[in-house]
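So you know, we letter chains A, B, ... as the sequences are listed, proteins then strands, and number each from 1.
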Number of protein chains: 2
Amino acid sequence: MALAVQRALALLRLFTQSRPEIGLSEAARLTGESKATVYRLFGTLCESGLVEQVEGTKTYRLGPAVLDLARVREATVPLLSVVQPVLDDLLELTGETCHFTQFNGQAMAVVATAESRKVHRITMQGINTLPLDTTAAGVAFLAFASPAVSASVLQEAARDAKEKAELEARLELTRARGYSEYEFLGDDEAFGVAAPVFRGGSFAFGSLAVVVPPHRMQPALFQKILQGILAGSKTISMKIGSQLRVEH
Amino acid sequence: MALAVQRALALLRLFTQSRPEIGLSEAARLTGESKATVYRLFGTLCESGLVEQVEGTKTYRLGPAVLDLARVREATVPLLSVVQPVLDDLLELTGETCHFTQFNGQAMAVVATAESRKVHRITMQGINTLPLDTTAAGVAFLAFASPAVSASVLQEAARDAKEKAELEARLELTRARGYSEYEFLGDDEAFGVAAPVFRGGSFAFGSLAVVVPPHRMQPALFQKILQGILAGSKTISMKIGSQLRVEH
DNA sequence: GACCAGTGGTTCGTACAGTGAACCACACAA
DNA sequence: TTGTGTGGTTCACTGTACGAACCACTGGTC
């Protein structure tokens, strides 16, 4: 394919919430390209408005033209305008952090969030993607993804036969229930509950999830969350043109 | 600069709200490039997720990765999260269609809107950009833009000395008032009132406007609109890190 | 069925566009 | 002063991008 274009687009992907601005030399180090190449490609990206240089400094950041693109995309395939009200309602119902993620080919990309107002919360600040195998959102998506996608991901994610079997069992359970739960242990312990979201077919493309500090997960809250994500995922799936595939 | 990259980015700009999907041959005609070139560039854009092919057809449309970019941009330079609530409040206050536009180098790009709920309204549906010289938003921006920008635009927009003098007078009046008004005549007649929005400097980067069917513009409504856009533009300017330059 | 116009897509010779080594100016720290 | 780092420029060379020519398929008309 077009190598120069690939290199330019790889520069766009360098910008993240945790690294919103990048200098020329740093970008060259991160991509492995020469400074001259990076300088020229950034120049072209700046001409298009997709990248801009920060006033007063020489660092680069994403430019306003990305908002234009997103606006056209949102009008073509409405998502945020459908998802955000659902997240806001879910936050009111549960009081916990909610998020919607969409499969981007490798992981679940965070599309929209509604952040808990509690001081002790699970935050989505600075989180761009979630792994497929170790989050409720990833598992909910994977359980209802197309066979090609789930086979490919199963192969990559599981490190050995035992982990593969565990993941497959978890996916089976998720398919039977219509939702997934996952307790992530360790410093960043979190309890997530998620439901798959469908669009234009019988396979999932994303997930609606609520994440809770584990010590707060009581049966009453769990029921609220479950009710909210099942209703919310159904609303989103319906509004963007599909049918929820699981019948209880 | 990087010609292949320019060509690829020009393909991105083909997608608009009124033309959300494009086939290979059409894109080749629109850009003047060969089908082979367009096919290859679209392939690379599809790999990156910025473009995708519509399921069941061969047409291309903007892909979900543009939402990722927009999310990073919004986190880096918050705009929509600041602007949309202001637009919603302004709509409640006036009952008329409100919009926020940002200068994109050639015209005012529509960033966000809040649409009147009246059946007879000025709509922003399908509008991507507004001209600088024949809209209240354009004039409000231009009156407070940097001298380099306004000189360049004055030269391009005005067709002869008379038009140039009229535009300059309009800009002077706008600077003295701190807002602009413009009545567009003809089939699409509309009365717009707009205030400039500033960020990170003493020059405008965008405009906050309300547009009304002319027959509905009464003094009481005009006062409401004026109050709303002056307060709203000040809120936006303050929240994204600047000072409103005009003191009344 | 034959023909035509249109679609998306493939191949490969060639030339031109992209690359990066070498260099520059500047800033800052020791 | 020396060294290290930044953003930036130049130009020889070659690798990549280009497009003319071609393909398969679809749908419409006669």
Looking at side-chain heavy atoms only, is the closest gap between [X] and [Y] below 4.5 Å?
| X | Y | result |
| --- | --- | --- |
| A:Val139 | A:Asp133 | no |
| B:Arg40 | B:Thr37 | yes |
| B:Phe103 | B:Leu132 | yes |
| B:Thr59 | B:Ile22 | no |

Within this structure, what is the [atom1]-to-[atom2] distance between [X] and [N], rounded to whole angstrom?
| X | N | atom1 | atom2 | answer |
| --- | --- | --- | --- | --- |
| B:Phe42 | D:dC18 | CZ | C1' | 17 Å |
| B:Leu9 | D:dA17 | CG | P | 14 Å |
| B:Lys58 | D:dC25 | NZ | P | 11 Å |
| B:Leu24 | D:dC25 | CG | P | 18 Å |
| B:Leu45 | D:dA17 | CG | P | 13 Å |

Legend entry - Given DNA chain D, 5'-ward residue of the pair A:Gln53 and A:Val5, judged by closest heavy atom: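 In this pair, the answer is A:Gln53.
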
Inset, instruction - On DNA chain D, check which nucleotide each of A:Gly23 and A:Ala4 is closest to and give me the residue with the more 5' one. - result: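 Looking at the nearest nucleotide for each, A:Gly23 comes out on the 5' side.
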
Between [X] (side chain only) and [Y] (backbone N and O only), is there a donor and an acceptor less than 3.5 Å apart?
| X | Y | result |
| --- | --- | --- |
| B:Thr44 | A:Val5 | no |
| A:Ser180 | A:Ala136 | yes |
| A:Arg19 | A:Leu14 | yes |

Inset, instruction - Drop me the distance from B:Phe42's CZ to B:Leu12's CG, to the nearest 0.5 angstrom. - result: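 Spacing of CZ (B:Phe42) from CG (B:Leu12) equals 8.0 Å.
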
Legend entry - Interatomic spacing from CG in A:Leu67 to CD in A:Glu74 - rounded to 0.5 Å: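 Taking CG in A:Leu67 and CD in A:Glu74, the distance rounds to 12.5 Å.
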
Inset, instruction - Determine, for nucleotides 25-30 of chain C in 5'-to-3' order, which nucleotides have protein heavy atoms under 4.0 Å from the base (write B), from only the sugar-phosphate (write S), or from neither (write -). - result: ------

Legend entry - Side-chain N or O of B:Ser25 closer than 4.0 Å to phosphate OP1/OP2 of C:dG8: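 For B:Ser25, the contact criterion (side-chain N or O under 4.0 Å from OP1 or OP2 of C:dG8) is met.
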
Inset, instruction - Using heavy atoms and a sub-4.0 Å distance, could you list which residues of residues 29-41 of chain A are near DNA chain D? By number, please. - result: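 Per residue number, the list reads A:Arg29, A:Lys35, A:Ala36, A:Tyr39.
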
Inset, instruction - Could you please name the option among D:dT16, C:dA17, D:dG7 that lies closest to any side-chain atom of B:Leu3? - result: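 Ranking D:dT16, C:dA17, D:dG7 by closest atom to the B:Leu3 side chain puts C:dA17 first.
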
